[in-house]
Amino acid sequence: MMKVLGISGSPRLGGNSDLLLESALKGAKEAGAEVEKIRICELNISPCTECHGCDETGECIQEDDMQMLYPKPMEADRLFLASPIFFMGISAQLKAMIDRCQCIWVRKYKLNQTIGKGREHRKGFFMSVGGSKNPEKFVGAVKVVRSFFATLDITYEKELLVTGVDDKGAIKNHPSALKEALKIGGDMVSE
Ligand SMILES: Cc1cc2nc3c(=O)[nH]c(=O)nc-3n(C[C@H](O)[C@H](O)[C@H](O)COP(=O)(O)O)c2cc1C
């Protein structure tokens with residue numbers, strides 16, 4: 001059975017990107033996948049301190065919830081990532097998680113290790129929501145997520161970027177976003 005890991009980067013439970021992720025995971029589940037959702041804000045994840053403690057081993061030396069999280073994207077066939085736009089980028093909480101994957105970057109590019117060995121088919125889906133109508137706000141976020149997926153050897157397969165949605169739950173009034181997330185979620189595990 002295909003495994004899907006959903007990571008919600010919003011601090012707002014039941015917020016717009018969180019609802020998009022829920023819908024995408026529902027689509028994946030209905031298509032027969034096993035799904036797991038993690039809310040970054042419920043975890044204790046410190047930022048990278050650039051200590052270079054991972055240089056020799058590719059293992060982060062900080063002891064917090066990242067230690068539990070590290071194997072999960074490697075064991076999942078699909079990674080669904082959701083974030084609100086905060087000041088033209090992803091949430092700080094999600095950025096901290098991504099920066100802590102510097103040790104995986106070290107494994108790949110300094111220690112020449114294969115990432116996700118035997119699981120080269122892994123694919124990612126990024127969804128994001130911003131309050132303004134300007135689509136420029138997604139440029140930085142997409143670059144960060146593309147770089148993150150590339151480091152983990154996950155193909156950046158799909159994105160769903162929704163503008164003009166601000167108040168908590170306002171995405172429910174959007175004409176198509178939740179349906180699109182549901183469909184992409186299903187497609188991601190049917191391909
Ligand atoms: C700290 C902060 C910064 C924000 N910065 C932007 C921004 O740069 N561009 C934008 O379009 N919306 C911005 N917003 C609005 C959120 O992206 C919007 O409310 C979104 O729906 C929140 O998604 P969520 O409910 O998943 O957390 C910001 C909101 C907050 C709280």
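Counting from 1, the numbers follow the sequence of the chain as shown. One-based numbering, in listed order, for ligands and for the atoms of each.
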Check this for me: does any side-chain nitrogen of one of [X] and [Y] sit under 4.0 Å from a carboxylate oxygen of the other?
| X | Y | answer |
| --- | --- | --- |
| Lys168 | Asp18 | no |
| Glu30 | Lys26 | yes |
| Lys123 | Asp77 | no |
| Glu34 | Lys29 | no |
| Arg100 | Asp64 | yes |

inquiry  = Ile85 versus ligand 1: do any nitrogen or oxygen atoms come within less than 3.5 Å of each other?
reply    =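 Such a contact does occur with ligand 1.
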Using a 4.0 Å cutoff against the non-hydrogen atoms of [X], which atoms of ligand 1 qualify?
| X | answer |
| --- | --- |
| Val165 | 18 (C), 20 (C), 21 (O) |
| Pro84 | 22 (C), 23 (O), 24 (P), 26 (O), 27 (O) |
| Ser17 | 24 (P), 26 (O) |
| Asn16 | 21 (O), 24 (P), 25 (O), 26 (O) |
| Ser10 | 24 (P), 26 (O), 27 (O) |
| Ser132 | 10 (C), 11 (O) |
| Lys137 | 9 (N), 10 (C), 11 (O) |

message = Just so I know, are the side chains of Ser147 and Trp105 near enough to count as touching, which here means a heavy-atom distance under 4.5 Å?
response =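 No; the side chains remain at least 4.5 Å from each other.
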message = Just so I know, are the side chains of Asp65 and Glu42 near enough to count as touching, which here means a heavy-atom distance under 4.5 Å?
response =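 No. Closest side-chain heavy atoms not under 4.5 Å.
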query = So Tyr156 and Phe126, would you call those rings parallel, tilted or perpendicular, with 30° and 60° as cut-offs?
reply =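 The arrangement is tilted - the two ring planes meet at 30° to 60°.
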Can you pull out the closest protein heavy atom to [atom]? Residue, atom name and distance to 0.1 Å, please.
| atom | answer |
| --- | --- |
| atom 18 (C) of ligand 1 | Asp166 OD1, 3.3 Å |
| atom 2 (C) of ligand 1 | Phe86 CD2, 3.5 Å |
| atom 12 (N) of ligand 1 | Gly131 N, 3.1 Å |
| atom 8 (O) of ligand 1 | Met88 N, 3.0 Å |
| atom 5 (N) of ligand 1 | Phe87 N, 2.8 Å |

ask   = Who passes ring pair (Phe, Tyr, Trp, His ring centres under 6.0 Å) against Tyr70, sequence neighbours left out?
value =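 Ring pair (Phe, Tyr, Trp, His ring centres under 6.0 Å) list for Tyr70, sorted by chain: empty.
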Whether Lys168 lies under 4.0 Å from ligand 1, heavy atom =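 Contact absent.
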